[in-house]
2 protein chains.
Amino acid sequence: MPDPHDCPGCAAPDLAFAAHDHAHCAHDALNRAEALTAATGARLTPVRRRVLEILLEEHKALGAYDVLSRLAQEGFGNQPPVAYRALEFLVDQGLAHRIQRLNAFTACTHMGEDHAPAFLICRGCHSVAEAAATAARAAVETEAARAGFQVERTTIEALGLCPACRVPA
Amino acid sequence: MPDPHDCPGCAAPDLAFAAHDHAHCAHDALNRAEALTAATGARLTPVRRRVLEILLEEHKALGAYDVLSRLAQEGFGNQPPVAYRALEFLVDQGLAHRIQRLNAFTACTHMGEDHAPAFLICRGCHSVAEAAATAARAAVETEAARAGFQVERTTIEALGLCPACRVPA
DNA sequence: CTATGTATGTAATATCATAACACGTCAACC
DNA sequence: GGTTGACGTGTTATGATATTACATACATAG
Ligand SMILES: [Zn+2]
Ligand SMILES: [Zn+2]
Ligand SMILES: [Zn+2]
Ligand SMILES: [Zn+2]
(Lines give C-alpha, C1' and ligand atoms only; values in the text may rest on other atoms or scores of the structure.)
(Ligands and ions follow the chains in the order given, each with its own letter.)
Protein backbone atom coordinates (compact mmCIF):
# COMPACT_ATOMS: atom_id res chain seq x y z
CA MET A 1 0.00 0.00 0.00
CA PRO A 2 1.38 3.40 -1.02
CA ASP A 3 2.58 5.88 1.50
CA PRO A 4 0.10 8.75 1.62
CA HIS A 5 2.88 11.20 2.28
CA ASP A 6 4.88 10.55 -0.85
CA CYS A 7 2.62 10.98 -3.83
CA PRO A 8 3.19 13.25 -6.81
CA GLY A 9 -0.37 12.74 -7.98
CA CYS A 10 -1.93 13.96 -4.77
CA ALA A 11 -0.01 17.18 -4.91
CA ALA A 12 -1.05 18.01 -8.44
CA PRO A 13 -3.52 20.88 -8.70
CA ASP A 14 -5.24 19.34 -11.67
CA LEU A 15 -5.36 15.87 -10.26
CA ALA A 16 -7.79 14.30 -12.68
CA PHE A 17 -5.84 15.13 -15.83
CA ALA A 18 -2.37 14.73 -14.36
CA ALA A 19 -0.71 11.34 -14.66
CA HIS A 20 -0.83 9.84 -11.21
CA ASP A 21 -1.02 6.65 -9.23
CA HIS A 22 -4.75 6.45 -9.30
CA ALA A 23 -5.01 3.35 -7.14
CA HIS A 24 -3.38 5.33 -4.41
CA CYS A 25 -5.41 8.44 -5.23
CA ALA A 26 -8.65 6.51 -4.82
CA HIS A 27 -7.50 4.67 -1.73
CA ASP A 28 -6.44 7.88 -0.12
CA ALA A 29 -9.74 9.55 -0.92
CA LEU A 30 -11.62 6.71 0.73
CA ASN A 31 -9.52 7.07 3.86
CA ARG A 32 -10.22 10.75 3.91
CA ALA A 33 -13.93 10.07 3.52
CA GLU A 34 -13.84 7.67 6.46
CA ALA A 35 -12.11 10.23 8.60
CA LEU A 36 -14.42 13.06 7.61
CA THR A 37 -17.62 11.15 8.21
CA ALA A 38 -16.33 9.77 11.49
CA ALA A 39 -15.58 13.30 12.59
CA THR A 40 -19.08 14.58 11.91
CA GLY A 41 -20.95 11.51 13.08
CA ALA A 42 -22.27 10.79 9.60
CA ARG A 43 -22.47 7.09 8.85
CA LEU A 44 -20.55 5.79 5.87
CA THR A 45 -22.52 2.57 5.62
CA PRO A 46 -21.66 -0.33 3.27
CA VAL A 47 -23.87 0.89 0.42
CA ARG A 48 -22.65 4.45 0.69
CA ARG A 49 -19.07 3.37 0.97
CA ARG A 50 -19.40 1.08 -2.01
CA VAL A 51 -20.98 3.85 -4.10
CA LEU A 52 -18.10 6.13 -3.24
CA GLU A 53 -15.65 3.39 -4.22
CA ILE A 54 -17.41 2.99 -7.53
CA LEU A 55 -17.24 6.72 -8.21
CA LEU A 56 -13.58 6.70 -7.23
CA GLU A 57 -12.66 4.07 -9.80
CA GLU A 58 -12.25 6.73 -12.46
CA HIS A 59 -12.22 10.49 -12.73
CA LYS A 60 -15.47 10.40 -14.60
CA ALA A 61 -19.08 11.08 -13.85
CA LEU A 62 -21.40 8.11 -13.48
CA GLY A 63 -25.16 8.19 -13.86
CA ALA A 64 -27.28 6.98 -10.96
CA TYR A 65 -28.36 3.96 -12.96
CA ASP A 66 -24.78 3.02 -13.80
CA VAL A 67 -24.02 3.04 -10.10
CA LEU A 68 -27.21 1.14 -9.41
CA SER A 69 -26.43 -1.70 -11.80
CA ARG A 70 -23.04 -2.11 -10.17
CA LEU A 71 -24.66 -2.25 -6.76
CA ALA A 72 -27.26 -4.72 -7.91
CA GLN A 73 -24.56 -7.07 -9.22
CA GLU A 74 -23.04 -7.05 -5.79
CA GLY A 75 -26.16 -7.96 -3.88
CA PHE A 76 -27.38 -4.55 -2.82
CA GLY A 77 -30.86 -3.38 -3.66
CA ASN A 78 -31.52 -2.84 -7.33
CA GLN A 79 -34.11 -0.10 -7.24
CA PRO A 80 -33.30 3.52 -8.14
CA PRO A 81 -33.75 4.98 -4.65
CA VAL A 82 -30.90 2.84 -3.37
CA ALA A 83 -28.49 4.62 -5.68
CA TYR A 84 -30.05 8.05 -5.44
CA ARG A 85 -30.06 8.02 -1.66
CA ALA A 86 -26.45 6.99 -1.37
CA LEU A 87 -25.46 9.59 -3.95
CA GLU A 88 -27.44 12.26 -2.19
CA PHE A 89 -25.69 11.39 1.05
CA LEU A 90 -22.28 11.65 -0.56
CA VAL A 91 -23.12 14.98 -2.17
CA ASP A 92 -24.52 16.34 1.11
CA GLN A 93 -21.35 15.27 2.89
CA GLY A 94 -19.16 16.91 0.25
CA LEU A 95 -17.69 13.58 -0.81
CA ALA A 96 -19.13 13.71 -4.31
CA HIS A 97 -20.51 16.25 -6.73
CA ARG A 98 -23.40 16.28 -9.07
CA ILE A 99 -22.62 17.33 -12.65
CA GLN A 100 -25.75 19.05 -13.88
CA ARG A 101 -24.82 18.93 -17.50
CA LEU A 102 -24.43 15.16 -17.46
CA ASN A 103 -27.08 14.21 -14.94
CA ALA A 104 -24.29 12.30 -13.29
CA PHE A 105 -22.08 12.15 -10.24
CA THR A 106 -18.38 12.20 -9.61
CA ALA A 107 -16.25 11.67 -6.52
CA CYS A 108 -14.86 14.84 -5.03
CA THR A 109 -11.14 15.29 -5.46
CA HIS A 110 -10.86 17.83 -2.67
CA MET A 111 -12.69 16.22 0.21
CA GLY A 112 -12.84 18.27 3.35
CA GLU A 113 -11.67 21.45 1.72
CA ASP A 114 -14.99 23.33 1.69
CA HIS A 115 -14.59 24.26 -1.92
CA ALA A 116 -17.01 25.27 -4.65
CA PRO A 117 -15.25 24.23 -7.81
CA ALA A 118 -15.82 24.67 -11.48
CA PHE A 119 -15.99 21.39 -13.35
CA LEU A 120 -13.96 20.71 -16.47
CA ILE A 121 -15.70 18.10 -18.54
CA CYS A 122 -13.78 16.52 -21.41
CA ARG A 123 -15.98 15.73 -24.38
CA GLY A 124 -13.32 13.37 -25.69
CA CYS A 125 -12.74 10.97 -22.81
CA HIS A 126 -15.53 12.13 -20.50
CA SER A 127 -13.20 12.69 -17.60
CA VAL A 128 -14.13 15.38 -15.11
CA ALA A 129 -11.77 17.58 -13.12
CA GLU A 130 -12.32 20.26 -10.55
CA ALA A 131 -10.82 23.70 -10.98
CA ALA A 132 -10.68 26.65 -8.63
CA ALA A 133 -13.63 28.93 -9.21
CA THR A 134 -13.23 31.63 -6.60
CA ALA A 135 -12.52 34.35 -9.13
CA ALA A 136 -15.26 33.22 -11.47
CA ARG A 137 -17.79 33.10 -8.66
CA ALA A 138 -16.79 36.55 -7.53
CA ALA A 139 -17.28 37.85 -11.05
CA VAL A 140 -20.74 36.30 -11.24
CA GLU A 141 -21.72 37.78 -7.91
CA THR A 142 -20.55 41.21 -8.96
CA GLU A 143 -22.69 41.08 -12.06
CA ALA A 144 -25.61 39.63 -10.14
CA ALA A 145 -25.38 42.41 -7.57
CA ARG A 146 -25.79 44.94 -10.35
CA ALA A 147 -29.19 43.38 -11.02
CA GLY A 148 -30.01 43.27 -7.31
CA PHE A 149 -29.81 39.51 -7.35
CA GLN A 150 -28.48 37.68 -4.32
CA VAL A 151 -26.53 34.60 -5.31
CA GLU A 152 -26.68 31.56 -3.07
CA ARG A 153 -25.12 28.86 -5.21
CA THR A 154 -23.48 28.97 -8.60
CA THR A 155 -22.98 26.06 -10.95
CA ILE A 156 -20.02 26.39 -13.27
CA GLU A 157 -19.34 23.64 -15.77
CA ALA A 158 -16.95 23.95 -18.69
CA LEU A 159 -17.10 21.61 -21.64
CA GLY A 160 -14.01 21.13 -23.75
CA LEU A 161 -10.94 19.00 -24.27
CA CYS A 162 -8.56 17.70 -21.64
CA PRO A 163 -4.80 17.75 -22.27
CA ALA A 164 -4.76 14.16 -23.49
CA CYS A 165 -7.65 14.64 -25.89
CA ARG A 166 -6.42 17.90 -27.38
CA VAL A 167 -3.64 16.20 -29.26
CA PRO A 168 -4.86 13.80 -31.91
CA ALA A 169 -3.07 10.45 -31.72
CA MET B 1 -49.12 48.88 -29.88
CA PRO B 2 -46.15 50.40 -28.07
CA ASP B 3 -43.51 52.37 -29.84
CA PRO B 4 -40.34 50.29 -29.96
CA HIS B 5 -38.20 53.41 -29.68
CA ASP B 6 -39.54 54.65 -26.38
CA CYS B 7 -39.23 51.91 -23.79
CA PRO B 8 -37.56 52.13 -20.41
CA GLY B 9 -37.75 48.35 -19.94
CA CYS B 10 -35.82 47.59 -23.11
CA ALA B 11 -32.93 49.74 -22.02
CA ALA B 12 -32.55 48.10 -18.63
CA PRO B 13 -29.50 45.89 -18.29
CA ASP B 14 -31.27 43.51 -15.96
CA LEU B 15 -34.41 43.37 -17.98
CA ALA B 16 -36.05 40.39 -16.34
CA PHE B 17 -36.02 41.77 -12.82
CA ALA B 18 -36.60 45.42 -13.72
CA ALA B 19 -40.16 46.67 -13.79
CA HIS B 20 -41.02 47.09 -17.43
CA ASP B 21 -43.77 47.01 -19.98
CA HIS B 22 -43.52 43.33 -20.60
CA ALA B 23 -46.15 43.20 -23.31
CA HIS B 24 -43.95 45.50 -25.29
CA CYS B 25 -40.80 43.65 -24.25
CA ALA B 26 -42.18 40.39 -25.58
CA HIS B 27 -43.60 41.95 -28.72
CA ASP B 28 -40.31 43.59 -29.46
CA ALA B 29 -38.40 40.37 -28.92
CA LEU B 30 -40.65 38.61 -31.38
CA ASN B 31 -40.01 41.30 -33.98
CA ARG B 32 -36.32 40.96 -33.44
CA ALA B 33 -36.58 37.20 -33.82
CA GLU B 34 -38.41 37.65 -37.12
CA ALA B 35 -35.75 40.00 -38.38
CA LEU B 36 -32.87 37.81 -37.27
CA THR B 37 -34.22 34.63 -38.79
CA ALA B 38 -35.17 36.41 -41.99
CA ALA B 39 -31.62 37.68 -42.22
CA THR B 40 -30.05 34.24 -41.93
CA GLY B 41 -32.61 32.38 -43.98
CA ALA B 42 -33.76 30.33 -41.01
CA ARG B 43 -37.47 29.67 -41.04
CA LEU B 44 -39.50 30.83 -38.07
CA THR B 45 -42.44 28.55 -38.81
CA PRO B 46 -45.76 28.64 -36.95
CA VAL B 47 -44.79 26.03 -34.34
CA ARG B 48 -41.43 27.62 -33.71
CA ARG B 49 -42.90 31.06 -33.57
CA ARG B 50 -45.62 29.94 -31.21
CA VAL B 51 -43.09 28.25 -28.93
CA LEU B 52 -41.08 31.43 -28.80
CA GLU B 53 -44.23 33.39 -27.98
CA ILE B 54 -44.99 30.98 -25.16
CA LEU B 55 -41.49 31.36 -23.76
CA LEU B 56 -41.80 35.11 -24.07
CA GLU B 57 -44.93 35.28 -21.96
CA GLU B 58 -42.86 35.42 -18.80
CA HIS B 59 -39.24 35.73 -17.81
CA LYS B 60 -39.25 32.18 -16.57
CA ALA B 61 -38.02 28.87 -17.79
CA LEU B 62 -40.55 26.39 -19.13
CA GLY B 63 -40.08 22.66 -19.39
CA ALA B 64 -40.47 21.03 -22.79
CA TYR B 65 -43.63 19.29 -21.64
CA ASP B 66 -45.15 22.53 -20.41
CA VAL B 67 -44.58 23.99 -23.83
CA LEU B 68 -45.88 20.85 -25.44
CA SER B 69 -49.16 20.87 -23.56
CA ARG B 70 -49.72 24.46 -24.63
CA LEU B 71 -49.03 23.53 -28.22
CA ALA B 72 -51.31 20.52 -28.06
CA GLN B 73 -54.19 22.68 -26.79
CA GLU B 74 -53.76 24.86 -29.83
CA GLY B 75 -53.88 22.10 -32.37
CA PHE B 76 -50.22 21.44 -32.93
CA GLY B 77 -48.78 17.97 -32.52
CA ASN B 78 -48.81 16.63 -29.00
CA GLN B 79 -45.76 14.38 -29.02
CA PRO B 80 -42.52 15.37 -27.29
CA PRO B 81 -40.43 15.79 -30.44
CA VAL B 82 -42.69 18.62 -31.56
CA ALA B 83 -41.66 20.66 -28.55
CA TYR B 84 -38.07 19.49 -28.39
CA ARG B 85 -37.44 20.25 -32.04
CA ALA B 86 -38.85 23.73 -31.88
CA LEU B 87 -36.90 24.44 -28.72
CA GLU B 88 -33.72 23.09 -30.24
CA PHE B 89 -34.22 25.35 -33.23
CA LEU B 90 -34.68 28.39 -31.03
CA VAL B 91 -31.61 27.55 -28.97
CA ASP B 92 -29.54 26.95 -32.12
CA GLN B 93 -30.66 30.30 -33.48
CA GLY B 94 -29.80 32.06 -30.26
CA LEU B 95 -33.42 32.98 -29.62
CA ALA B 96 -33.74 30.92 -26.47
CA HIS B 97 -31.51 29.31 -23.89
CA ARG B 98 -31.55 26.03 -22.12
CA ILE B 99 -31.25 26.18 -18.34
CA GLN B 100 -29.42 23.02 -17.35
CA ARG B 101 -30.28 23.24 -13.71
CA LEU B 102 -34.00 23.30 -14.43
CA ASN B 103 -34.15 21.11 -17.51
CA ALA B 104 -36.08 23.99 -18.98
CA PHE B 105 -35.96 26.73 -21.58
CA THR B 106 -36.25 30.49 -21.54
CA ALA B 107 -36.48 33.11 -24.26
CA CYS B 108 -33.31 35.05 -24.83
CA THR B 109 -33.39 38.63 -23.67
CA HIS B 110 -30.46 39.68 -25.83
CA MET B 111 -31.29 38.32 -29.23
CA GLY B 112 -28.74 38.98 -31.89
CA GLU B 113 -26.04 40.08 -29.48
CA ASP B 114 -23.81 36.98 -29.69
CA HIS B 115 -23.58 36.72 -25.95
CA ALA B 116 -22.78 33.91 -23.55
CA PRO B 117 -24.55 34.94 -20.40
CA ALA B 118 -24.71 33.68 -16.86
CA PHE B 119 -28.22 32.88 -15.73
CA LEU B 120 -29.68 34.20 -12.52
CA ILE B 121 -32.40 31.88 -11.32
CA CYS B 122 -34.68 33.07 -8.54
CA ARG B 123 -35.72 30.27 -6.22
CA GLY B 124 -38.58 32.42 -4.95
CA CYS B 125 -40.49 33.34 -8.09
CA HIS B 126 -38.61 31.16 -10.58
CA SER B 127 -37.82 34.05 -12.85
CA VAL B 128 -34.65 33.84 -14.90
CA ALA B 129 -32.43 36.72 -15.96
CA GLU B 130 -29.28 36.92 -18.01
CA ALA B 131 -26.17 38.59 -16.67
CA ALA B 132 -22.90 39.43 -18.35
CA ALA B 133 -20.41 36.64 -17.85
CA THR B 134 -17.36 37.76 -19.77
CA ALA B 135 -15.22 38.17 -16.67
CA ALA B 136 -16.44 34.95 -15.11
CA ARG B 137 -15.75 33.03 -18.30
CA ALA B 138 -12.30 34.50 -18.53
CA ALA B 139 -11.61 33.42 -14.97
CA VAL B 140 -12.75 29.89 -15.72
CA GLU B 141 -10.61 29.72 -18.81
CA THR B 142 -7.59 30.93 -16.92
CA GLU B 143 -7.99 28.21 -14.34
CA ALA B 144 -8.72 25.62 -17.00
CA ALA B 145 -5.60 26.58 -18.89
CA ARG B 146 -3.54 25.85 -15.80
CA ALA B 147 -4.80 22.27 -16.06
CA GLY B 148 -4.15 22.19 -19.80
CA PHE B 149 -7.88 22.05 -20.44
CA GLN B 150 -9.28 23.80 -23.49
CA VAL B 151 -12.69 25.25 -22.79
CA GLU B 152 -15.24 25.28 -25.57
CA ARG B 153 -18.43 26.16 -23.74
CA THR B 154 -19.11 27.12 -20.15
CA THR B 155 -22.41 26.89 -18.36
CA ILE B 156 -22.84 29.38 -15.54
CA GLU B 157 -26.03 29.31 -13.55
CA ALA B 158 -26.56 31.11 -10.26
CA LEU B 159 -29.36 30.21 -7.89
CA GLY B 160 -30.58 32.78 -5.42
CA LEU B 161 -33.12 35.48 -4.82
CA CYS B 162 -34.19 38.22 -7.18
CA PRO B 163 -34.71 41.78 -5.90
CA ALA B 164 -38.44 41.28 -5.42
CA CYS B 165 -38.04 38.00 -3.53
CA ARG B 166 -35.27 39.23 -1.23
CA VAL B 167 -37.63 41.43 0.73
CA PRO B 168 -40.33 39.54 2.56
CA ALA B 169 -43.77 41.08 2.07
C1' DC C 1 -44.70 18.35 -62.54
C1' DT C 2 -41.48 16.00 -60.15
C1' DA C 3 -37.52 15.61 -57.34
C1' DT C 4 -35.35 17.24 -53.28
C1' DG C 5 -34.75 18.92 -48.84
C1' DT C 6 -36.92 20.50 -44.78
C1' DA C 7 -40.49 20.58 -41.34
C1' DT C 8 -44.02 18.27 -38.89
C1' DG C 9 -46.67 14.36 -36.91
C1' DT C 10 -46.72 10.03 -34.41
C1' DA C 11 -45.46 5.73 -32.02
C1' DA C 12 -42.47 3.61 -29.27
C1' DT C 13 -38.87 3.60 -26.15
C1' DA C 14 -35.05 5.20 -23.36
C1' DT C 15 -33.30 7.73 -19.53
C1' DC C 16 -33.51 10.19 -15.23
C1' DA C 17 -35.85 10.87 -10.67
C1' DT C 18 -39.10 10.69 -6.71
C1' DA C 19 -43.19 9.37 -3.69
C1' DA C 20 -44.93 6.14 -0.63
C1' DC C 21 -44.72 2.37 2.19
C1' DA C 22 -42.62 -1.87 4.57
C1' DC C 23 -39.08 -3.77 7.25
C1' DG C 24 -34.89 -4.23 10.07
C1' DT C 25 -31.53 -2.42 13.25
C1' DC C 26 -29.90 -0.03 17.04
C1' DA C 27 -29.68 2.95 20.92
C1' DA C 28 -32.28 5.83 24.41
C1' DC C 29 -35.40 5.46 27.73
C1' DC C 30 -38.40 3.72 31.33
C1' DG D 1 -36.55 -6.56 29.25
C1' DG D 2 -39.81 -4.09 26.51
C1' DT D 3 -41.07 0.14 24.17
C1' DT D 4 -40.15 3.83 21.32
C1' DG D 5 -38.18 6.54 17.84
C1' DA D 6 -34.61 7.61 14.48
C1' DC D 7 -32.41 5.98 10.72
C1' DG D 8 -31.11 3.18 6.88
C1' DT D 9 -32.44 -0.01 3.45
C1' DG D 10 -35.53 -2.52 0.27
C1' DT D 11 -39.38 -2.50 -2.97
C1' DT D 12 -43.39 -1.00 -5.72
C1' DA D 13 -45.12 2.22 -8.43
C1' DT D 14 -45.13 6.32 -10.84
C1' DG D 15 -43.61 10.62 -12.68
C1' DA D 16 -40.59 13.60 -15.47
C1' DT D 17 -37.41 14.31 -19.12
C1' DA D 18 -35.59 13.06 -23.71
C1' DT D 19 -34.58 10.48 -28.05
C1' DT D 20 -34.99 7.13 -32.03
C1' DA D 21 -37.29 5.76 -35.94
C1' DC D 22 -40.45 6.16 -39.24
C1' DA D 23 -44.40 8.35 -41.81
C1' DT D 24 -46.38 12.37 -43.87
C1' DA D 25 -46.85 17.16 -45.55
C1' DC D 26 -45.07 20.92 -47.84
C1' DA D 27 -42.10 24.18 -49.89
C1' DT D 28 -39.23 25.31 -53.66
C1' DA D 29 -35.76 24.31 -57.45
C1' DG D 30 -35.13 22.26 -61.69
ZN1 LIG E 1 -6.96 9.85 -9.36
ZN1 LIG F 1 -10.18 13.87 -22.44
ZN1 LIG G 1 -39.92 41.44 -20.29
ZN1 LIG H 1 -37.91 36.18 -7.45
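Just so we're on the same page: letters track the sequence lines, and every chain starts at 1. Only a predicted model underlies this, so the values are computations on that prediction, with no experimental measurement involved.
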Engineer: What's the CZ-P distance between B/R85 and D/dC22, to the nearest Å?
Structural biologist: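 Result: 14 Å.
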Engineer: May I have the distance from B/L87 (atom CG) to C/dA7 (atom P), rounded to whole angstrom?
Structural biologist: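 Atom-to-atom, B/L87 to C/dA7, this comes out as 15 Å.
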Engineer: Between D/dT11 atom P and A/N78 atom CG, what is the distance in whole Å?
Structural biologist: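 Nearest whole value for this atom pair: 6 Å.
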Engineer: Closest nucleotide of DNA chain D for A/A86 versus for A/P80: which of these residues is on the 5' side?
Structural biologist: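 With A/A86 and A/P80 compared, the 5'-side residue is A/A86.
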Engineer: For A/T154, check side chain to side chain donor-acceptor pair (under 3.5 Å) against everything at least two apart and list the hits.
Structural biologist: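 A/T154 satisfies side chain to side chain donor-acceptor pair (under 3.5 Å) with no other residue.
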Engineer: Would you call B/D66 and B/R70 a salt bridge, taking side-chain N to carboxylate O under 4.0 Å as the test?
Structural biologist: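 Looking at B/D66 and B/R70, the cut-off is not met.
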Engineer: Parallel, tilted or perpendicular: which one describes the rings of B/F149 and A/F17, with boundaries at 30° and 60°?
Structural biologist: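 Taking A/F17 first and then B/F149, their aromatic rings lie parallel (interplane angle under 30°).
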Engineer: If stacking means aromatic ring centre less than 5.5 angstrom from the base's six-membered ring centre, planes under 30°, is A/Y65 stacked on C/dC16?
Structural biologist: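 Yes, the aromatic ring of A/Y65 stacks with the base.
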Engineer: Using atom CG of B/L102 as one end and atom P of D/dT17 as the other, report the distance to the nearest whole Å.
Structural biologist: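 Going from B/L102 (CG) to D/dT17 (P), I get 10 Å.
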Engineer: What is the distance, rounded to the nearest whole Å, between atom CD of A/Q79 and atom P of C/dT15?
Structural biologist: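 Value for this atom pair: 17 Å.
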Engineer: In whole angstrom, what separates B/E88's CD from D/dT19's C1'?
Structural biologist: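 Roughly 11 Å, once rounded to whole Å.
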Engineer: Taking atom types as modelled, find out whether A/H110 and A/H97 have a side-chain donor-acceptor pair closer than 3.5 angstrom.
Structural biologist: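 Side-chain D/A pair, A/H110 to A/H97: absent.
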Engineer: Is there aromatic stacking of B/Y84 on D/dT19 here, judged by a ring-centre distance under 5.5 Å and a plane angle under 30°?
Structural biologist: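 Stacking between B/Y84 and D/dT19: absent.
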Engineer: Among C/dA7, D/dG8, C/dT10, find the nucleotide with the atom closest to the side chain of B/T45.
Structural biologist: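 Among the listed nucleotides, the one closest to the side chain of B/T45 is C/dA7.
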Engineer: B/F89 has an atom CZ; how far is it from atom P of C/dT8, in whole Å?
Structural biologist: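 Rounding to the nearest Å, CZ of B/F89 and P of C/dT8 are 9 Å apart.
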Engineer: Rounding to a whole Å, what distance do you find between A/N103:CG and D/dA16:P?
Structural biologist: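 Rounding to the nearest Å, CG of A/N103 and P of D/dA16 are 16 Å apart.
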Engineer: Of all the nucleotides listed (C/dT8, D/dT12, D/dG10), which has the minimum atom distance to the side chain of A/P81?
Structural biologist: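 Closest nucleotide among those given: D/dT12.
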